Amino acid sequence: MKEALASLLETALATLVADNLVPEVPDLKPQVDHTRDSSHGDLATNLAMVLAKRAGMAPRDLAEVLVAALPENTLIAKAEIAGPGFINFFLNQASHVEVIGKILASGSAFGSSDIGAGRKVQVEFVSANPTGPLHVGHGRGAAIGDSLCRLLSATGWDVQREFYYNDAGQQIANLARSVQARAQGLTPDDPEWPEDGYRGTYIADLAAAYQDGATVSAADRSITALGAVDNLEAIRDFSVAWLRREQDLDLKAFGVRFDNYFLESSLYDSGEVNETVAALEQAGHTYEEGGALWLRTSDFGDDKDRVMRKKEGEYTYFVPDVAYHLNKWNRGYRRVINEQGADHHSTITRVRAGLQGLEEGIPEGWPEYVLHQMVTVLRDGEEVKLSKRAGSYVTLRDLIDWVGQDATRFFLAARSASSQLTFDIDLALAQSNENPVFYIQYAHARICSVKRKALAQAADWTPESGLDQLDKLVEPEALTLALLLSKFPDVVHAAAQQLEPHAIANYLRELASAFHGFYNAHKLVDEGDKSQSLARLSLAEATRQVIANGLDLLGVSAPESM
RNA sequence: CCGCCCGUAGCUCAGCUGGAUAGAGCACCAGGCUUCGAACCUGGGUGUCGGGAGUUCGAAUCUCUCCGGGCGGGCCA
């Protein structure tokens with residue numbers, strides 16, 4: 001509808017240009033937007049205000065001429081000039097309801113587009129270290145990242161989901177020492193407990209499993225514990241596998257899947273880390289100082305240079321990160337999006353600097369990042385900080401256990417990533433009007449219930465048979481609802497383009513509200529007025545479809561009954 | 001000291017590629033089911049959009065500056 005009106009305006013504009021009233025403006029696309037206030041019509045354009053100066057006319061006068069030049073059409077009931085020079089369009093009834101037929105025909109594809117044109121994009125998210133259970137921050141990353149993938153798929157991108165495992169380095173060594181200490185019967189408060197050891201009770205579970213000779217299967221490996229307390233390497237391998245399985249189970253419970261798990265250790269095994277360092281040296285972006293090897297990241301926007309290789313000979317953490325991203329580039333991903341916690345934002349400059357220093361022709365802004373801010377958990381009005389299992393933090397599993405998968409996903413994805421998030425357990429638990437998840441799901445279930453009732457009338461009481469009766473939909477509640485439905489493709493497109501899943505959640509809240517209002521104002525199934533009922537049923541079904549499509553983009557279920 | 005994010009109603013937050021009178025939910029009050037699911041709906045009011053300056057027809061939105069909160073700034077990850 002927007003495009004149709006924009007095209008009408010273009011025609012009108014062309015007429016004015018031909019009449020020498022307005023100078024030709026190349027590449028000007030009239031902007032048509034939904035109005036915020038229904039007294040301003042259904043759609044509006046600011047075209048006259050944009051052009052007023054160049055045309056040498058007052059905005060309202062120009063709007064006048066534009067409206068007069070609009071071609072004959074069957075879309076709009078009227079066009080009004082208002083305010084400083086807006087042109088407000090009032091759609092006629094048929095234009096309002098035509099979307100219903102489109103939705104029923106497109107089904108789960110309604111809202112999708114092929115803007116991505118099948119191009120490849122890789123999304124890396126969660127990427128938790130295998131040193132403990134996933135915490136709420138990972139949960140937020142999982143909810144946002146997964147929804148981003150769904151949005152990109154819906155807009156025509158070929159998405160690969162990747163999880164990067166830091167299974168090398170100091171944190172893993174620390175993990176192994178912690179498990180070993182537990183196996184030796186130490187507890188975190190013993191004097192001999194390793195410095196900075198992991199204190200959670202899961203470490204004790206892990207140690208017990210190791211000593212029992214347990215076998216664990218994670219995404220890409222299966223390993224049986226040796227049980228020997230002095231074999232630190234065996235403990236490390238088993239611990240990583242054990243925790244990976246834990247994380248896999250958490251993600252499964254959350255409904256999040258990955259196409260690929262990439263191991264940091266593989267970059268060392270394959271020699272890619274060494275090759276990356278050599279390439280950076282070759283390109284002349286490094287120097288030695290104080291026995292360490294430095295990268296001139298300050299040549300690429302960093303505020304100071306960074307050590308790549310410590311004087312002890314080990315690489316710092318961002319070196320494998322650079323090698324990893326070079327690997328992504330070499331796998332052919334020209335678009336890569338990394339979703340991660342904002343506490344790691346300082347790595348962005350370093351990774352990009354490293355990639356620039358390789359002089360491989362990688363664009364400066366590659367890869368893209370979506371950073372989410374911290375999550376705090378509130379219960380009974382107080383911040384919850386501890387988890388029994390993990391000790392020092394609230395786990396994703398805790399949240400799922402407390403409030404369920406749907407509410408957890410919705411709450412974690414419904415706010416913009418750049419804002420800090422307060423997760424109110426009591427609100428998420430409330431099975432009432434306080435809870436937006438239930439509010440939206442309830443609308444869906446309600447429609448399903450109405451459909452069941454309609455079908456109980458007779459087999460031909462179907463939403464599809466209402467498509468011939470759409471002229472019966474004349475009430476404001478019905479037209480408002482239909483207009484909102486027609487916005488969905490724009491909402492999906494914008495959310496995907498701006499990498500902002502929370503826009504979907506906001507839209508769904510609004511849509512559910514419009515439906516509940518419609519439902520309460522008008523009886524959907526009325527034996528006495530079949531054609532009216534069928535028309536309303538088709539509108540309800542279109543609403544149900546859009547709610548289902550929207551919830552799916554968030555990874556939240558659309559129940560037929562609750 | 002430097003970088004990033006945030007500051008909008010009592011609370012939690014939308015709105016931010018400039019648009020018309022700044023919104024929603026919660027909380028609070030008053031109503032609405034012998035009828036399709038009341039987990040719902042209708043009505044009631046709330047704002048120095050953190051302060052200040054600038055840009056222009058127009059600023060919550062863009063720029064600068066100050067204040068406040070969070071997170072980073074290690075040869076930790």
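Proteins come first, then strands; the chains are lettered A, B, ... in the order of their sequence lines, and each starts at number 1. Nothing here was measured: the structure is a model prediction, and the numbers come from that model.
- When the C1' atom is used for both B:C16 and B:G32, the distance is 39 Å, rounded to whole Å.
- With B:G25, B:C36, B:G15 as the choices, the nucleotide that has an atom nearest any side-chain atom of A:Lys523 turns out to be B:C36.
- Residue contacts shown for A:Asn46 include a base, since a base heavy atom lies under 4.0 Å away.
- Checked by atom type, the side-chain pair A:Glu272/A:Asn327 shows a donor-acceptor distance below 3.5 Å.
- Checked by atom type, the side-chain pair A:Tyr287/A:Asp305 shows a donor-acceptor distance below 3.5 Å.
- Pairing of B:G3, defined by two Watson-Crick or G-U wobble distances under 3.5 Å, is identified with B:C71.
- A:Ser418 comes within 4.0 angstrom of the backbone, heavy atoms only, and of no base.
- Atom P of B:A53 sits at a distance of 24 Å from the matching atom of B:G10, rounded to the whole Å.
- Residue A:Ala503 is the one, among A:Ala503 and A:Arg446, whose nearest nucleotide of RNA chain B lies closer to the 5' end (criterion: closest heavy atom).
- Contact detail for A:Leu355 and A:Leu326: the closest heavy-atom pair is CD2-N, 3.8 Å.
- Using a 4.0 Å heavy-atom criterion, one finds that A:Ser561 contacts the bases of the nucleic acid, with or without backbone contacts as well.
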_One character per nucleotide, please: for nucleotides 71-77 of chain B, 5' to 3', B when the base has a protein heavy atom closer than 4.0 Å, S when only the sugar-phosphate does, - otherwise._
BSSSBSB
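- Checking the phosphate oxygens (OP1, OP2) of B:A38, no side-chain nitrogen or oxygen of A:His516 falls inside 4.0 Å.
- Within the nucleic acid shown, A:Met308 has no heavy atom closer than 4.0 Å to any nucleic acid atom.
- For B:A14, one of the phosphate oxygens OP1 or OP2 lies less than 4.0 angstrom from a side-chain nitrogen or oxygen of A:Ser419.
- A:Tyr393 and A:His135 have perpendicular rings, their planes meeting at more than 60° on a 0 to 90° scale where under 30° would count as parallel.
- Across all strands, A:Ala445 comes closer than 4.0 Å to base atoms (heavy-atom distances).
- Nearest nucleotide to the A:Gln420 side chain, out of B:G69, B:A39, B:U21: B:G69.
- Between A:Asn506 atom CG and B:C16 atom C1' there is a gap of 13 Å when expressed in whole angstrom units.
- Between the side chains of A:Asp167 and A:Ser265, at least one donor-acceptor pair of N or O atoms lies under 3.5 Å.
- Using Watson-Crick or G-U wobble geometry with both donor-acceptor distances under 3.5 Å, B:A30 finds its partner in B:U42.
- Rounded to a whole angstrom, the distance from the C1' atom of B:U63 to that of B:G18 is 13 Å.
- The partner of B:A14 cannot be assigned: no Watson-Crick or G-U wobble pair with both contacts below 3.5 Å exists in any strand.
- Projected onto RNA chain B by closest heavy-atom contact, A:Ala82 and A:Gln498 fall at different nucleotides, the more 5' of which corresponds to A:Gln498.
- Within the 4.0 Å cut-off from OP1 or OP2 of B:C41, at least one side-chain nitrogen or oxygen of A:Tyr439 is found.
- Aromatic ring pairs are classed by plane angle as parallel below 30°, tilted from 30° to 60° and perpendicular above 60°; the pair A:Phe423 and A:Phe411 is tilted.
- With a 3.5 Å ceiling on both atom-pair distances, the Watson-Crick or G-U wobble partner of B:C64 is B:G52.
- Aromatic stacking of A:Phe86 on B:A20: satisfied, with centres closer than 5.5 Å and planes within an angle under 30 degrees.
- Candidate nucleotides B:A20, B:U12, B:A38 were compared by shortest atom distance to the side chain of A:Tyr442, and B:A38 ranks first.
- Among the heavy atoms of the strands, none lies under 4.0 Å from A:Ala443.
- Relative ring orientation between A:His285 and A:Phe300 is described as perpendicular, the plane-to-plane angle rising above 60° on a 0-90° scale split at 30° and 60°.
- In this structure, B:G37 forms no base pair with any nucleotide, since neither Watson-Crick nor G-U wobble geometry is met with both distances under 3.5 Å.
- Residue contacts shown for A:His444 are absent, as no nucleic acid heavy atom lies under 4.0 Å away.
- Remark: A:Tyr519 is in phosphate contact with B:A38, judged by side-chain N or O atoms under 4.0 Å from OP1 or OP2.
- The cationic group of A:Arg379 lies under 6.0 Å from the six-membered ring centre of A:Trp402 and within 45° of the ring axis, placing it in a cation-pi geometry.
- B:C57: Watson-Crick or G-U partner is B:G19, with both key distances under 3.5 Å.
- With A:Tyr165 as the aromatic partner, A:Arg244 meets the cation-pi criteria of under 6.0 angstrom to the ring centre and within 45 degrees of the ring axis.
- Heavy atoms of A:Leu371 sit nowhere under 4.0 angstrom from any nucleic acid atom.
- A:Gln457 comes within contact range of no nucleotide atom at all, as no heavy-atom separation falls under 4.0 Å.
- Nucleotides B:C40 and B:C66 have their P atoms positioned 48 Å apart, rounded to a whole Å.
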